[in-house]
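Every heavy atom of this structure was used, including side-chain atoms; hydrogens, water molecules and symmetry mates were not. Note that this is a predicted model, so its numbers are computed, not measured.
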2 protein chains.
Amino acid sequence: MRGFLRSKVRVLTASSPTISPPDQHYDDLANRLRSIGQRATPQRLLVLAAFQDAGEHLTADEIYARISERSPTVNRSTVYRTLETFRDLGVIAETDLGGGVRRYQLLDHERHHHLVCHDCGDIIDLDDDVLEPIRRAAAERYGFSAEIDHLAIFGRCQFCRGDE
Amino acid sequence: MRGFLRSKVRVLTASSPTISPPDQHYDDLANRLRSIGQRATPQRLLVLAAFQDAGEHLTADEIYARISERSPTVNRSTVYRTLETFRDLGVIAETDLGGGVRRYQLLDHERHHHLVCHDCGDIIDLDDDVLEPIRRAAAERYGFSAEIDHLAIFGRCQFCRGDE
DNA sequence: GTTGTAGATGCGATCATTCGCATCTGAAGC
DNA sequence: GCTTCAGATGCGAATGATCGCATCTACAAC
């Protein structure tokens, strides 16, 4: 489990305060955004609300559609930019599950990953512990902090391997 | 090192012959394509030629531009479709290094991967052996054959971590 | 509460990628 | 060589995602 708002965003100039603790619900979303030097705009709160209402693995367009129902003036670009910001902040994870569309999900629970079969399209959940060796190697060899929040690994499942 | 033409493509109906050996040059590209039930069209050979002429990490548009110099009638869609086919065949690897553009490279030598710092944009090469634990776990737990040809892992490099 | 301003938004243009469909063609069978 | 047709291509439209820039606004300072 990780903090809700993890790190500073690229262009943040002032020093970033430390991260709010994990495991809380988002009653005070606005304050959390402010606490890391981010503005709490209605558009951003709408994006977060959309995630809370809906399930996982939303596309940008699905989020935009949900928001438009309540606030028709919110722009598509803003949704994309907000998603980019939240991704950089570690609030959400971005994944390309194939099919040419990226999907997003809140990072408020255990990270998980997917094995995607490019023959039959089947998607298998993969526990996060499998990625520990990579994080460790990146840190030990290069001092690099790998932020692998929601990885999609392509390949072929056991059934399609048998088809050859 | 892996075979040049690795596996069948999704929609191949006939049984696929085995893979041609690695480590050869591409004098007989056309025959290799045919040997796995793929058509050797001039457009496809042009795409492969573009890779051989140029360096690594080409974008679809760069490939298209190179081909257009020689054959102005080749269509952009064809380049995209050819890249998709070659990716599924394991001939090339597709990677999103950030910046909203995908890049492609031939898989005729050692696979390698990248650590991409999302603060400063720095790109660090990562050896393929780091990914072995993932391949093993996917195989052992789920019988899944993970084809990780050119992975980009985002995070923060040692210098940007110190900046906080 | 007013003000100043860095940063966020709206808007439209543009770029990256995919799709549908009519046409064309590589290569297998004769 | 000729025929056949699954599969590849060209073309244009549609979708997904990003960018430039003028305007607006959240919020810090007073």
| request: Just call it for B:Arg81: base, sugar-phosphate, or nothing, with non-hydrogen atoms closer than 4.0 Å on any strand. | output: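 Since a base atom lies under 4.0 Å of B:Arg81, the category is base.
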Can you check the [X] [atom1] to [N] [atom2] distance for me, whole Å?
| X | N | atom1 | atom2 | result |
| --- | --- | --- | --- | --- |
| A:Leu58 | D:dG16 | CG | C1' | 16 Å |
| A:Glu94 | D:dA17 | CD | P | 8 Å |
| B:Leu89 | D:dA8 | CG | C1' | 14 Å |
| B:Phe86 | D:dG7 | CZ | P | 17 Å |
| A:Leu83 | D:dC19 | CG | C1' | 16 Å |
| A:Ile36 | C:dA6 | CD1 | C1' | 16 Å |
| A:Leu46 | C:dT9 | CG | P | 10 Å |
| B:Arg87 | C:dT18 | CZ | P | 8 Å |

Taking [Y] as the starting point, is it possible to reach [X] by hopping between hydrophobic residues whose side chains are less than 4.5 Å apart?
| X | Y | result |
| --- | --- | --- |
| A:Leu115 | B:Ile148 | yes |
| B:Val116 | A:Ile153 | no |
| B:Leu97 | B:Leu131 | no |

| In degrees, rounded to 10°, what is the bend between the two ends of the helix from C:dG1-D:dC30 to C:dC30-D:dG1, using five pairs at each? |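 Terminal axis comparison yields 40°.
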Can you find a side chain N or O atom of [X] that sits less than 4.0 Å from OP1 or OP2 on [N]?
| X | N | answer |
| --- | --- | --- |
| A:Gln43 | C:dG10 | yes |
| A:Arg103 | D:dG16 | no |
| A:Arg102 | D:dT18 | yes |
| A:Tyr80 | D:dA17 | yes |

Pull out every protein N or O sitting under 3.5 Å from an N or O of nucleotides 27-30 of chain D, one pair per line with the distance.
from: D:dC27; atom 1: OP1; to: A:Arg34; atom 2: NE; distance (Å): 2.9
from: D:dC27; atom 1: OP1; to: A:Ala40; atom 2: N; distance (Å): 2.9
from: D:dC27; atom 1: OP2; to: A:Arg34; atom 2: NE; distance (Å): 3.1
from: D:dC27; atom 1: OP2; to: A:Arg34; atom 2: NH2; distance (Å): 3.2

| task | Can you sort out which residues in residues 60-79 of chain B have a heavy atom within less than 4.0 Å of DNA chain D? Ascending by number, please. | result |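 Result for residues 60-79 of chain B: B:Thr73, B:Val74, B:Asn75, B:Ser77, B:Thr78, sorted by number.
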| query | Looking only at heavy atoms, which two atoms of A:Leu33 and A:Ala40 are closest? And how far apart? | reply |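 Nearest heavy atoms, A:Leu33 then A:Ala40: CD1-CA, 4.1 Å.
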Would you say that [X] contacts [Y] through its side chain, given a criterion of any heavy-atom pair below 4.5 Å between the two side chains?
| X | Y | result |
| --- | --- | --- |
| B:Asn75 | B:Val79 | no |
| B:Val130 | A:Arg141 | yes |
| A:Leu48 | A:Leu46 | no |

| query | side-chain hydrogen bond (donor to acceptor under 3.5 Å, both in side chains) between B:Gln38 and B:Arg32: does it pass, once the steps are laid out? | reply | CA-CA 8 Å; B:Gln38 289 293 307; B:Arg32 295 207 187 186; over 6 Å; no
| said: Tell me whether A:Glu84 is salt-bridged to A:Arg81, with the criterion being a basic N under 4.0 Å from an acidic carboxylate O. | reply: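 No, A:Glu84 and A:Arg81 are not salt-bridged.
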| field | Residue pair B:His113, B:Asp125: steps toward the side-chain hydrogen bond (donor to acceptor under 3.5 Å, both in side chains) verdict | value | CA-CA 6 Å; B:His113 312 279; B:Asp125 281 359; over 6 Å; no
| said: Can you confirm whether the side chains of B:Asp61 and B:Thr59 place a donor and an acceptor under 3.5 Å from each other? | reply: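 No, because no side-chain N or O of B:Asp61 sits under 3.5 Å from a partner of the opposite role on B:Thr59.
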| A:His150 vs A:Gln105, side-chain hydrogen bond (donor to acceptor under 3.5 Å, both in side chains): CA-CA, chis, key distance, verdict | CA-CA 9 Å; A:His150 194 213; A:Gln105 66 172 156; 3.1 Å; yes
